[in-house]
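The structure appears below as structure tokens.
When a residue number appears, it is its place in the shown sequence, counting from 1.
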Amino acid sequence: RRRFLENLERRLRQLRRLYVDRDWNLLRDEVRSLAGSAPQFGLGAIADSADRVLSFLPPGRISSAKPLPDASRELESLFSAIDTTLVSDK
């Protein structure tokens with residue numbers, strides 16, 4: 001769990017960068033990975049939030065020019081859930 005949490009800080013930075021860059025395809029891959037791994041470490045809130053993000057990201061290639069307001073809102077919630085976890089674990 002300790003290693004996962006240490007990597008979570010790096011993953012959060014990566015997710016934020018992909019979000020700012022609107023790299024929806026890589027972001028979807030990262031969020032999917034997080035949704036799958038977080039429950040193994042007792043981080044259900046992060047997994048649930050990641051699943052909600054995925055529900056708003058369409059399948060297939062997504063243009064970086066395409067605005068995804070629902071996904072963006074859920075991403076902000078995911079970032080907040082990760083931040084809360086990192087702060088409470090210190």
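- Across all non-hydrogen atoms, the minimal contact from Ala35 to Leu54 is CB-CD1, 4.2 Å.
- Within the 3.5 Å criterion, the main-chain N or O of Ala81 finds a donor-acceptor partner in the side chain of Thr85.
- Under the rule for a salt bridge (Lys or Arg N to Asp or Glu O under 4.0 Å), Asp21 has no partner lying at least two apart in sequence or in another chain.
- Scanning all heavy atoms of the two residues, the minimum distance from Leu57 to Leu27 falls at CD1-CD2, 4.2 Å.
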**Q.** Residues Asp23, Arg17; criterion salt bridge (charged side-chain N to carboxylate O under 4.0 Å, His left out); working and verdict
**A.** CA-CA 9 Å; Asp23 191 336; Arg17 189 176 78 252; over 6 Å; no

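- Taking each heavy atom of Leu5 and Leu86 in turn, the nearest pair found is O-CD2, 3.6 Å.
- Note: Phe4 and Phe41 have parallel aromatic rings, judged against thresholds of 30 and 60 degrees for the angle between ring planes.
- Residue Asp83 holds its CG atom at 5.5 Å from CG of Leu12, rounded to the nearest 0.5 Å.
- Within the model, atoms CZ of Arg32 and CD of Glu30 stand 11.0 Å from one another, a figure rounded to the nearest 0.5 Å.
- Here Glu6 contributes atom CD and Arg11 contributes atom CZ; the two are 13.5 Å apart, rounded to the nearest 0.5 Å.
- Hydrophobic clustering keeps Phe56 apart from Leu34 (ILVMFWY residues linked when any side-chain heavy atoms are closer than 4.5 Å, directly or through intermediates).
- Remark: the backbone N or O of Leu68 is not paired with any side-chain donor or acceptor of Trp24 at under 3.5 angstrom.
- Here the shortest heavy-atom pairing between Gln40 and Gly36 reads NE2-O, 3.4 Å.
- Environment of CZ in Arg61: sparse, with no more than 12 heavy atoms of neighbouring residues, nucleotides or ligands closer than 6.0 Å.
- Side chain of Thr84 to backbone of Ser80: a donor-acceptor contact under 3.5 angstrom is found.
- A donor-acceptor pair under 3.5 Å links the side-chain atoms of Arg28 to the main chain of Gly60, judged by distance alone.
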